[in-house]
Every structure is written in structure tokens, then in C-alpha cells.
Number of protein chains: 2
Amino acid sequence: MIRIVIAEDQGMLRGALGSLLDFEDDLEVIAQAKNGEEAIRFIQTLKPDICLMDIEMPLMSGLEVAEELKKQGVNCKIIILTTFARPGYFERAVKADVHGYMLKDGSSDELAESIRSVMKGKREFAPELIFGSMKDENPLTKRECDVLRMVADGKTAKEISAILFLSAGTVRNYMSEIISKLQVKNRIEAISIAEEKGWI
Amino acid sequence: MIRIVIAEDQGMLRGALGSLLDFEDDLEVIAQAKNGEEAIRFIQTLKPDICLMDIEMPLMSGLEVAEELKKQGVNCKIIILTTFARPGYFERAVKADVHGYMLKDGSSDELAESIRSVMKGKREFAPELIFGSMKDENPLTKRECDVLRMVADGKTAKEISAILFLSAGTVRNYMSEIISKLQVKNRIEAISIAEEKGWI
DNA sequence: TAAAAAAAATGACAAATGTCATCCGAAATA
DNA sequence: TATTTCGGATGACATTTGTCATTTTTTTTA
């Protein structure tokens, strides 16, 4: 019996998947977490074989959970199940040694098959992740990402310079460099692209 | 037998809900649409009793579909099923005479009960929609929304002035008014709040 | 290990945004 | 119907953002 924890903040999908996967003879959903912290707690205490992990969840993202569990050497195979085919998310997931990265546009039957596959030692990555724009490398440095994230939060260059102990000119220069690297014409487009790619 | 069309771009939820609702003795899922245009087409040809309608879908949003079907006098009860408790979405849905507005954090059992309720002539609105910030009235005029939407798309004041046949000063003044009404300190926060509220 | 490249950092200047005072026409109110 | 208020619109001025040239430090490469 493959023991599964589901980590998904959206109750309807969580419940529906829980029911459908439980119908399978060889699968057992032993817990359902609605945020990242519950996910960590259930995985630590119940020690499931598999965790189906959403990414964008309250309290702690699925990627943060995966990174934390890898750091703790927890022996649970994580399959990311997300809406977003974002290179930044994918790269981070791969670095966290997840066993799968599935998109939510497949069926629950396909998901069940992927779970069985992963239990047999395979890695299940949705085919469309391997090609095209999913391989986009993040062109921004860590500092640039830090700055863009704060701009995306609505902070002014003045505020950001105070937080990072930089001059306002430096912060403006970072923004200018970001705009140039992403080949956009202003900060709003820069934020949009970086979020779509999962780089911030 | 209550005949249901499901309109949901996310395949896994669409399939899972389709299966679970079909298990109910008195419910029959007769079609599943993955975008707004399919939804319109299926509703027009199959004439279901109920349509479960997501909002954010490709080609045509669920709200646009509902508005179009109201305009055509189509006799199908629409139940909005969305992730977002946004006053702008809610107001628009109510104006389109939908029969329900449910959030995706409930269970499929609760959803089935709501469908039965709606068939008996009731309106099903998630309780949390009636209170608090869901009643926030959009403080922006139509013109201000037009301008903010284009700013959110990354357009400059210069571009917007060309598109709307206004002077750049006028566009800047609209932005300034928007920033003041929403009580934020810049356009990025203005975009954020307006999107969260479903006003743009 | 040394040289080259990249990242981090800065401030002057140009360009864009945001504020403010103002005017006109439409809509709302008395 | 007249008056008041609001929305739409404009441009001058103040403030902020974005560009550019530059320097220093760190990282990468030969």
C-alpha cells in the first residue's frame, strides 16, 4: 500500500484528489495538509512514501518545504503538483531532489500512474518541462532578485536602499540592469516576467 | 437527473470533479469545457440545467461567458466556482444573475448539495462573500480602470495617451487620482490592490 | 597565480512619473 | 430649473525612476 500525504491549500482539489486516489486499490491517502507547515508536520510524523506537494501555499511554499525536508534528510518522495510551468520553480524543485514535477492539467488517473512510477524508482517530470522556455536560466543575480522582489512588493528605491544599506543610486542601477537583462521597458513588465518565470 | 456542464481550465480539477459529481445518483456531468469559448458552445448546444463556471479561463473569462449568456437569454443556471473572493468578480457575477458563487476551498460534497439547492430555486453564495471586504465598492471610475489596466500591462503613459487619444498629462493625472483613491504610494501597489479586488 | 570578467556599488544627468491648480461639460441634487 | 458636485481633461512644476560612466571588490578563467 503506497502511503500518501497531499499538501494542497485549495480544499476542493485536495478533497477530490484524496477521494479519487483512495479509490485505487494500492494507494492510501493518510493525511491532507492545507499549508506548508502542516505538510512538514504530517510528513515528519506520519512518514508517508509519497507527498503530493502544491507550490503556492500559505505559511510556507511547497518548494521551501521540499528544501527543508532535503536538509533534514527526510526519506519521503516528493512529487510537485502545480499549476505553474515556471523555470524558476522547476530549477528549485530539481535542486531539492524532488521525484516528480507534475502540472495540474493532467488527470487523476495519470497522477496515480506517476505515483506508482515514482515508487518504482523513476522520476516523473511532465514532458513539457523539459523543452522550450522551461530551461530558461535566470539571468538575474541574487542581489537583483532581492531588489526586484522588494519593488514588486511596492517598496520605493528609497525604502529599499534603507533596508539593504545601499545608496538609492545603487538600487536604481540594479533596477536599470534588471530592465535591460529582461529586455523590457519598465519595472512593471520586469516584475511580470520574473513572476511568470518563477524567478521571484 | 440534474444535467451539468463543468467549465474549468485546470484539467485535474475538471476531471476529478466530473468523476465525483457523476458518482452522485441524481447528477450527470454531460460535458467538460476547458475554456470560455467551449463553455459557451456546450451550454448553447447541450442546454444543461447547471453550469459550474470557473472565472479565470483562456479565451473568455467565466464572467464574460455569464454576461454573454444573460444577454442571449439562455436558461441555464450558472454557479461560479472560483479560487478568488474578489468583490469586483462578485459584483460582476451578481449583475450577470448567476445562481451561485462558490469558492474552491469547500468540498465536492458541499458543491453537490449547492447544486441541488440551486435546482430547487435557491441562490447559493458562499457565506464569506456577504461580509467584510467582499462588499468593497470599486472607488475607481471606468476611465481610471481603463488606464490602470493598461499600466498593469506594462504600457507607459505616452503609449496610453496615444491609445486613448488623451494627453500624457491627463494619463498621469488619472494615475495620480488612482493612487490617491486606493491610498497607496505608487502604481505597483495600486495594480496589486485593484487585481486582488477584481477591479481590473 | 595572474589576468579577465562579473558583480556590487555610486552619483550626475536625462526621462518619466506624480502632484497640483485649473477649466469645462455632464450628472446629481435641491 | 438652477446650483452643486463629479468626471474628464490639461500643463507646469516637483519628485522619482532609469541611464550612463565610473570605481572597487569578488569571482571566474586561463
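Because the structure is predicted, anything quoted here is derived from the model rather than measured. These numbers come from the heavy atoms of this one structure, side chains and all, not from hydrogens, waters or symmetry mates. Numbers restart at 1 for each chain; the letters A, B, ... are given by sequence-line order, proteins then strands.
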Legend entry - Nearest-nucleotide pick for B/Ser176, side chain only, options being D/dT17, C/dT17, C/dT19: C/dT19

Inset, instruction - Would you mind telling me which of C/dA9, D/dG18, D/dA9 lies closest to the side-chain atoms of A/Leu166? - result: C/dA9

Legend entry - Upstream residue (5' side of DNA chain D) when B/Lys142 and B/Gly169 are each assigned their closest nucleotide: B/Lys142

Legend entry - base_contact_polar (D/dG18 base, A/Arg172 side chain, donor-acceptor, <3.5 Å): yes

Legend entry - Pair B/Tyr89 + B/Tyr101: ring centers closer than 6.0 Å: no

Legend entry - Comparing A/Val171 and A/Pro139 on DNA chain C - which has the more 5′ nearest nucleotide: A/Pro139

Legend entry - Residue-phosphate contact under 4.0 Å: B/Thr170 side-chain N/O, D/dT10 OP1/OP2: yes

Legend entry - Comparing B/Asn186 and B/Glu177 on DNA chain D - which has the more 5′ nearest nucleotide: B/Glu177

Inset, instruction - For the side chain of B/Ile179, starting at C-beta, report the closest nucleotide among D/dA9, C/dA7, C/dT19. - result: C/dT19

Inset, instruction - Please determine which of B/Glu56, B/Glu196, B/Glu195 meets the salt bridge (Lys or Arg N to Asp or Glu O under 4.0 Å) test together with B/Arg86. - result: B/Glu56

Legend entry - Shortest side-chain distance from A/Lys181, nucleotide among D/dT10, C/dA9, C/dA7: C/dA7

Inset, instruction - Answer yes or no: is there a side-chain heavy-atom contact under 4.5 Å between B/Val151 and B/Tyr174? - result: no

Legend entry - From C/dT17, D/dA9, D/dG18, nucleotide with atom closest to B/Thr156 side chain: C/dT17

Legend entry - side-chain N/O B/Thr141 vs D/dC6 OP1/OP2, d < 4.0 Å: no

Legend entry - A/Arg143/A/Glu177 salt bridge by N-O under 4.0 Å criterion: no

For nucleotides 21-26 of chain D, print each protein N/O atom paired with a nucleotide N/O atom at under 3.5 Å, atom names and distance only.
none

Legend entry - N or O in side chain of B/Arg143 less than 4.0 angstrom from D/dA9 OP1/OP2: yes

